[in-house]
Amino acid sequence: MTLRFPFDNSYARLPAGFFARVNPTPVAGPRLVKINRELARDLGLDPDALASPEGVEILAGQRVPEGAEPLAAAYSGHQFGHFSPQLGDGRAILLGEVVNRSGARRDIQLKGSGLTPFSRGGDGRAALGPVLREYLVSEAMAALGVPTTRALAAVTTGEPVLREEVLPGAVLTRVASSHIRVGTFQFFASRRNLEGLRQLADHVIERHDPEARMAPRPYRALLDGVIGRQAELIAQWLLLGFIHGVMNTDNMSVSGETIDYGPCAFMDAYDPATVFSSIDRNGRYAYGNQPGIAQWNLARLAECLLPLLADDQDEAVAQAQDALDRFVDLFNDAYLRGLRRKLGLAGDQEGDLALAQDLLGLMAEARADFTLTFRKLADAAAGPTHDGELRALLSGATALDAWLARWRTRLASGGRDPAEAAGAMQLANPAVIPRNHLVEAMIEAAVERQDYGPFEEMLEAVTRPFDPRPDHASYADAPPRSDVPYRTFCGT
Ligand code: AMP
Ligand code: MG
């Protein structure tokens with residue numbers, strides 16, 4: 001069996017300053033954990049060949065496949081508001097790009113594959129826990145319909161990695177429509193490398209905004225494209241209770257995909273100030289701050305693009321400002337559209353936003369589970385005899401009856417019959433998300449006991465979020481009440 005990757009590597013054709021050519025570092029004892037067979041087929045790869053010893057050697061970095069041009073990309077980034085001029089792929093290596101079955105270009109990247117010229121003080125490696133977490137959560141996000149990088153494979157390396165403790169090492173094969181970040185633009189802009197900046201912008205237009213080429217102002221159209229995608233993405237995060245946790249500019253993809261699943265987590269009890277990441281001490285990346293942070297990051301992108309937006313500086317600034325101002329409207333539109341779907345509201349009516357916000361207010365008051373409340377609301381759409389579980393979740397919230405009456409009046413005015421509304425709401429409100437306590441238990445089983453059963457089963461459950469199998473019902477449960485707040489760590 002031979003494994004052939006149909007590589008066509010456009011990033012490797014960019015000038016030398018964009019990256020460092022570097023091969024993955026071989027590991028002691030590679031072992032396959034998981035292949036994403038469906039994704040493999042979509043990429044034109046034979047899943048059996050990928051799972052063969054030769055395939056596993058490639059996924060672990062023992063062997064470079066034919067046609068690959070391995071490289072580590074250079075980028076900069078604002079980390080928690082502070083600019084680092086020299087970041088880059090410190091533990092990731094791009095093997096190359098393939099064109100998938102739908103004709104879309106996809107990066108194939110190994111994460112945890114050894115040192116690169118951008119590793120700085122790091123070891124270039126990844127631990128098994130964060131690799132399984134990224135595999136599971138990114139695949140859950142894809143199943144939830146959120147733009148995201150994907151997981152093609154996970155392997156263990158047979159080598160320990162040293163974090164606060166000694167942990168098993170692993171490599172994740174990540175697939176993305178590109179790995180170009182706001183920080184990639186910052187890399188060239190901060191070096192005043194106008195030629196590089198223009199080449200990068202042209203590359204991104206080619207890849208993500210081909211229609212911008214024909215626009216009167218192609219680079220403005222590029223900026224508009226990135227802003228529009230981010231507005232949609234952040235709205236989807238909020239509608240699902242997702243907290244990215246480390247929205248540094250080097251972790252914001254210009255493709256509009258969710259990228260970098262280090263300290264991310266889904267909110268359980270609704271509270272807009274929720275923060276999980278242990279290093280986010282000031283709550284910069286709290287759930288409710290995400291739209292504002294996205295706009296801040298996009299302002300950094302717009303600053304980078306100033307020299308391309310117009311020859312006249314004032315005109316360039318006006319263009320950038322106009323583009324950024326639109327973010328708020330685009331985000332609000334996407335968010336309200338999503339809220340209407342979550343509440344089952346057909347058509348657009350005045351007062352829909354207030355109706356949704358009042359429900360969120362009740363949820364905050366009752367510290368109700370975000371995901372379960374919306375799911376039980378879907379049940380309640382079938383009629384007042386179906387709202388017992390919703391009432392239990394929101395018990396203690398004042399004015400619940402008044403809210404339910406308003407909602408029912410609004411539902412009826414949309415012209416859908418109750419069963420239809422309930423069905424539509426079930427497709428907008430997942431039953432199953434990757435619950436934090438279950439993610440931790442899954443990681444513990446794999447790391448402490450080499451038991452991948454919980455990973456396999458949980459992956460099945462979270463990739464069918466709207467229509468859970470009866471035997472997966474427990475994956476929908478909220479966590480047991482705990483006095484210890486959940487904490488995540490930057491999965492390095
Ligand atoms: P992150 O916050 O995970 O996006 O990482 C920020 C920067 O640190 C990126 O440039 C990473 O490549 C780099 N980095 C993170 N972990 C490691 C590691 N274990 N070894 C080398 N570089 C790393
Ligand atoms: Mg990153």
Side-chain angles (χ1 to χ4, degrees), residues 234-245 265-277 280 282-293 331-332 335-345 349-412 421-422 425-426 428-433 435-437 476-487:
I234 307 300
Q236 289 207 52
W237 288 359
L238 261 61
L239 292 161
L240 290 166
F242 179 78
I243 305 169
H244 182 281
F266 285 80
M267 182 162 61
D268 294 307
Y270 177 68
D271 174 1
T274 305
V275 177
F276 291 120
S277 171
D280 189 1
N282 300 315
R284 179 180 170 90
Y285 300 138
Y287 169 81
N289 281 358
Q290 296 181 114
I293 289 292
F331 168 79
N332 285 338
Y335 183 57
L336 178 56
R337 208 185 321 124
L339 286 173
R340 285 197 175 101
R341 286 192 67 224
K342 287 181 87 68
L343 266 63
L345 311 181
Q349 290 186 22
E350 263 315 291
D352 286 349
L353 181 61
L355 185 68
Q357 282 171 337
D358 289 348
L359 174 62
L360 292 170
L362 297 179
M363 289 163 64
E365 200 186 328
R367 290 198 59 77
D369 184 83
F370 182 86
T371 305
L372 278 179
T373 302
F374 282 105
R375 188 70 179 185
K376 299 305 176 191
L377 188 69
D379 296 343
T385 54
H386 294 84
D387 66 14
E389 290 185 84
L390 179 70
R391 284 177 178 280
L393 282 165
L394 291 172
S395 73
T398 48
L400 176 58
D401 287 315
W403 188 87
L404 282 171
R406 257 168 83 203
W407 174 61
R408 290 217 158 91
T409 307
R410 171 63 182 89
L411 262 188
M425 287 173 72
Q426 258 145 21
N429 294 304
V432 177
I433 51 156
R435 292 280 181 180
N436 302 320
H437 63 297
D477 293 345
R481 286 221 178 255
S482 160
D483 298 333
V484 189
Y486 183 64
R487 283 277 162 268

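What's counted below: heavy atoms across the whole structure, side chains too, no hydrogens, waters or symmetry copies.
- A salt bridge does not link Asp268 to Arg481: none of the charged side-chain nitrogens sits closer than 4.0 Å to a carboxylate oxygen.
- Residues Leu239 and Phe370 fail the side-chain proximity criterion, which asks for heavy atoms closer than 4.5 Å.
- In this structure a side-chain-to-backbone donor-acceptor pair under 3.5 Å is present from Asn436 to Phe266.
- Considering CG of Leu404 and CG of Leu400, their distance stands at 4.5 Å, rounded to 0.5 Å.
- Listed by chain and residue number, Trp407 satisfy the ring-ring contact (aromatic ring centres under 6.0 Å, His included) test with Trp403 (two or more places apart in sequence, or in another chain).
- Taking each heavy atom of Ala431 and Ala476 in turn, the nearest pair found is O-CB, 3.5 Å.
- Atoms OG and CG, from Ser395 and Leu390 in turn, are 10.5 Å apart once rounded to the nearest 0.5 Å.
- Summarising the geometry of Leu411 relative to Ala421, their closest heavy-atom pair is CD2-CB, 4.2 Å, with the distance given to 0.1 Å.
- Side-chain contact between Asn332 and Leu353: absent, with no pair of heavy atoms (C-beta onward) separated by less than 4.5 Å.
- To the nearest 0.5 angstrom, Met425 atom CE is 3.5 Å from Leu377 atom CG.
- Counting only distance, with no hydrogens or angles, the side chain of Asp352 and the backbone of Leu336 share no donor-acceptor pair below 3.5 Å.
- For the salt bridge (Lys or Arg N to Asp or Glu O under 4.0 Å) test, no residue two or more places apart in sequence or in another chain qualifies with Asp477.
- Expressed to the nearest 0.5 Å, how far CE of Met363 lies from CG of Asp369 amounts to 8.0 Å.
- Judged as a salt bridge (Lys or Arg N to Asp or Glu O under 4.0 Å), the pairs with a partner in residues 354-366 (not counting sequence neighbours) are, in order, Asp358-Arg406.
- No side-chain donor-acceptor contact under 3.5 Å links Gln426 to the backbone of Ala378.
- Remark: Tyr287 pairs with no residue by the ring-ring contact (aromatic ring centres under 6.0 Å, His included) rule, at least two apart or across chains.
- What you find for Val275 and Gly283 is that their closest heavy atoms are CG2-CA, 3.6 Å.
- Distance check, rounded to the nearest 0.5 Å: CG of Asp401 to CZ of Arg391 gives 4.5 Å.
- Partners of Asn282 under the side-chain hydrogen bond (donor to acceptor under 3.5 Å, both in side chains) rule, at least two apart in sequence or in another chain, do not exist in this structure.
- For the pair Pro430 and Thr371, the tightest heavy-atom approach, listed with the atom from each and the gap, is O-CG2, 3.3 Å.
- Sorted by first then second residue, the salt bridge (Lys or Arg N to Asp or Glu O under 4.0 Å) pairs that include residues 373-385, not counting sequence neighbours, are Lys376-Glu389.
- Nearest heavy-atom pair, Ala478 versus His437, reported as atom, atom and distance to 0.1 Å: C-CE1, 4.1 Å.
- A heavy-atom distance below 4.5 Å is not found between the side chains of Leu359 and Leu339.
- For the residue pair Ala422 and Ala382, the shortest heavy atom distance occurs at CB-N, 4.2 Å.
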Exercise. Please assess Asp280 against Arg284 for the test salt bridge (charged side-chain N to carboxylate O under 4.0 Å, His left out), listing each intermediate value before the final yes or no.
Key: CA-CA 6 Å; Asp280 189 1; Arg284 179 180 170 90; over 6 Å; no
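- Expressed to the nearest 0.5 Å, how far CG of Leu240 lies from CZ of Phe374 amounts to 10.0 Å.
- Residue His244 forms a ring pair (Phe, Tyr, Trp, His ring centres under 6.0 Å) with just one option from Tyr285, Phe276, Trp237, and that option is Trp237.
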